[in-house]
Amino acid sequence: MSLTNKERMKIPRQPMPTQDPVLRLKNFNEVALGYTEELAVTEANRCLQCKKPSCVEGCPVGVLIPQFIKALREGDMARAVAAMKEKNSLPAVCGRVCPQEVQCEAKCVLSKKGQPVAIGRLERFVGDYELAHRVCPLEPKPPTGKKVAIAGTGPAGLSCAVDVAREGHSVTMFESLHKPGGVLTYGIPQFRLPKEIVSSEISYAVNCLGIKILTDHIVGKTVTVGELLEEYDAVFLGTGAGLPVFLNIPGINASGVLSANEFLTRVNLMKGYLFPEYDTPVKIGRRVAVIGGGNVAMDAARCALRLQAIRDIEGREVRIVYRRSREELPARAEEIHHAEEEGVIFDYLTAPLEILTDERGNVRAMKCIRMELGEPDSSGRRKPVAIKGSEFEMEVDMVIVAIGTNPNPLVFNEAKGLEKTPHGTVVVKDWETGRTTMYRVWAGGDLVTGAATVVSAMGAGKRSAEDINRFLSGEVTSW
Amino acid sequence: MYPIIEKEAFSETTKKMVVEAPHVARKAKPGQFVIVQIDEKGERIPLTIADFDRKAGTITLIFQEIGKSTRELGMLKVGEALLTVAGPLGHPTEIAYYGTVICVGGGVGIAPIFPIARALKEAQNEVISIIGARTKSLLFWEDRMREVSDELIICTDDGSYGRKAIVTTPLKEILDIKGNLISKIWAIGPAIMMKAVSEVTASYGIPTMVSLNTVMVDGTGMCGGCRVLLEEGPRFVCVDGPEFDGHKVDWSNLLARLAFYREEEKKALEHWEEHECHLDNMLKAEDRRN
């Protein structure tokens, strides 16, 4: 069936089937259920196959978007997967967690009418097909005898590992936790990114390409970068930004104030929502305030809602406390939408001043102040300014801090020559390659940029992999 | 997986385990700790490295069975294995020649104080050690501590062995006699003991290091659950510690944070005991059938 562009443009953007907002509060199952084949083909038929596809420019890893969509709508799934995998080794992950509305979909010509092709949903469909059918095996070239060490098994490390291992180099990855995946495993909740998908993608790559993963190995503690260089020809650092930032306000160390990292790790990695069947407890308050407006804040708020609902807590409330307004929320649009749908209360233009405790040191309230938006600041967003005399007490018994994370400094231990910025990130000499100031050491992802997205970390890992491959082949020898 | 090579019961509730973990043993230093997880459903718990053997690739863990996880750990047999042993974590103790030093170990805190006392002794310090426990059966490593100490004082709360006293009593006596000769003090044990020791030594103005064991998940600086309030602000026990100047610690904040999961700890233990009893009964029923 061949459609004209006019006909294609008449097809409305296909909605994503989702779990009912009321029912899903009682479980941690995935919220977005994925397109059926019919929905996927209908949506794929909306693509105009632009001669100069600007969507690809919006993708940090340059996925061959028109090609995979064309193959999909022609029913050739093997070709769709192959086109996808050309640039993206984790489509089932990216399809779920990328902020497509500011990347590929923002550049889609149809977005001018507010209805871009749902590239992310189609990507997920292709990724899920590959997960179920495995039509595109990863095959390594013959062994080169060269050895590469990769610190961190998150998005940056994984994408780097896959591209380096395909070249025939022997890859060993070092993971500090007991499970690989980094933020995909400990941070992003089950209802947004099922852990089975993460582990399936990792074990598949590991098995196909013979990648070795050493868990319980903390780079900087168990083994240092200096030691890795003695044994390996190249080292890639992708240890992320795992160190939570706490607000510098009185009461921040009260019982009941925790980082989103801790809360999410207890819930996701340690499966605290299944306590006491699983041993790691996770507490939940009756009135929970999550400070921050990014994806991590949304994840924490939505996990909190679910724990409250599952435990049948009366008078329950979860609020997002954000110092700017809805327009400035850095979270992915779909997450904000889902959080609103599920009943998260949004306190915009509100900043915490102090955490107040009871006689036992537990959180009882948070003193806040109202803000208004002033002139744009260095980030280009309008700067929030406190409104004098607008202080008030917000009654809460749990505070989750989700205002950002910094790189973990452990990686710098005994890494002589590895320079860092005042923000604690690694200095790279060249963003295209991710080369650091230390010979034979590359870095990418949040460790270099500070907290960013899964796909930008993947892009960085990929670019470093290309350079590592060139370096190990002897194509480039300078540093 | 990390196999258990050796196991010894120091008392009904204090167990020693030697675990094969060459990646930790090769780097371990006195004062550091590991995160241990028994199995997939287990929690990650921090345990101090009581000793290590680089050649054999083993580390020694000593723990007291208090909650569900430590009791389950205590039930593991030689040949069984742990899912996770991650480390060595935290800063090592700053070993140097200080002159005369005092090492105080309370209860299961005797285990981590031992390698510190040994290293201090090797660094030519005069080491006075005080070890104490609630009762005689909870004391261990008297011989090892004696070997590395110029003077060893033993006390029990109930007087069943050594002096009938808590560790701060002999400590105060020593400081009264020769406080001016003591350069530094290390104290490891229950939080309440480290608090008491810090209060005593503060009035003599002697630097006192305590090793904190707080709530922790990853142990690498990722969760911040371990944060402790110092005079200069919050610090992470896992990456900034575990040793801190005891005079700067906000002890009431620390004790409050330690109590945060008490309810859940109780619940976990009850759930486990119920499950264990259920298993026991099933086995008994099968016996009867046979």
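Order of the sequence lines sets the chain letters (A, B, ...), proteins ahead of strands, with each chain counted from 1.
Nearest heavy-atom pair across A:Asn362 and B:Phe260 is OD1-CD1, 4.2 Å. The shortest non-hydrogen separation linking B:Ala86 to A:Ser176 is CB-O, 4.2 Å. For the residue pair B:Tyr2 and A:Thr215, the shortest heavy atom distance occurs at OH-O, 4.0 Å. A:Glu262 approaches B:Cys223 most closely through the heavy-atom pair CB-O, 3.4 Å. Here the closest non-hydrogen pair linking B:Gly224 and A:Pro244 is N-CG, 4.4 Å.
Interface remark: of the candidates A:Leu214, A:Asn248, A:Val257, A:Val257 forms the most heavy-atom pairs closer than 4.5 Å to chain B. When the candidates A:Arg266, A:Arg360, A:Glu277 are compared by the number of heavy-atom contacts under 4.5 Å with chain B, A:Arg266 comes out ahead. Heavy-atom pairs under 4.5 Å with chain A peak, among B:Leu83, B:Val85, B:Asp218, at B:Val85. Heavy-atom pairs under 4.5 Å with chain A peak, among B:Arg257, B:Glu264, B:Gln37, B:Met222, at B:Met222. Comparing B:Gln32, B:Glu40, B:Glu265 by how many heavy-atom pairs each has under 4.5 Å with chain A, the most go to B:Glu40.
Ring geometry for A:His217 against B:His23 counts as parallel: the plane angle stays under 30°, on a 0 to 90° scale with 60° as the upper cut.
Interface residues of residues 68-82 of chain B toward chain A, defined by a heavy-atom distance below 4.5 Å and sorted by number: B:Lys68, B:Ser69, B:Glu72. Along residues 403-415 of chain A, the residues that come nearer than 4.5 angstrom to chain B, judged on non-hydrogen atoms, are A:Asn408, A:Leu410, A:Glu414 in order of number.
For A:Ala254, the part lying under 4.5 angstrom from a heavy atom of chain B is the backbone only. Only the side chain of A:Tyr186 has a heavy atom closer than 4.5 Å to any heavy atom of chain B. For A:Val401, no part sits under 4.5 Å from any heavy atom of chain B, backbone or side chain. The contact between B:Val215 and chain A is made entirely by side chain atoms (from C-beta outward), counting heavy-atom distances below 4.5 Å.
Under the 4.5 Å side-chain criterion, counting only non-hydrogen atoms from C-beta, A:Thr222 is not in contact with B:Lys27. Two residues are said to be in side-chain contact when any heavy atoms from C-beta on lie closer than 4.5 Å; A:Pro281 and B:Glu43 meet this criterion. In this structure the side chain of B:His271 never reaches within 4.5 angstrom of the side chain of A:Phe275, judged on heavy atoms. For the pair B:Lys41/A:Met270, no side-chain contact is recorded, criterion being any heavy-atom separation below 4.5 Å from C-beta on. Side-chain contact between B:Trp272 and A:Asp279 is absent, with no heavy atoms from C-beta onward closer than 4.5 Å.
Annotation: the span from A:Leu177 atom CG to B:Thr220 atom OG1 amounts to 6.0 Å, rounded to 0.5 Å.
The 12-atom threshold is exceeded at NZ of B:Lys7, counting heavy atoms of other residues, nucleotides or ligands nearer than 6.0 Å. In the displayed structure, B:Glu232 atom CD is contacted under 6.0 Å by more than 12 heavy atoms of other residues, nucleotides or ligands.
Listed for the B:Asn253 side chain is a donor-acceptor partner under 3.5 Å among the backbone atoms of A:Asn253. Here the side chain of A:Lys221 pairs a donor or acceptor atom with the backbone of B:Gly90 at under 3.5 angstrom. Panel note: side chain B:Arg227, backbone A:Ile252; a donor-acceptor pair is recorded below 3.5 Å.
Between B:Arg26 and A:Glu227 a salt bridge is recorded (basic side-chain N to carboxylate O distance below 4.0 Å).
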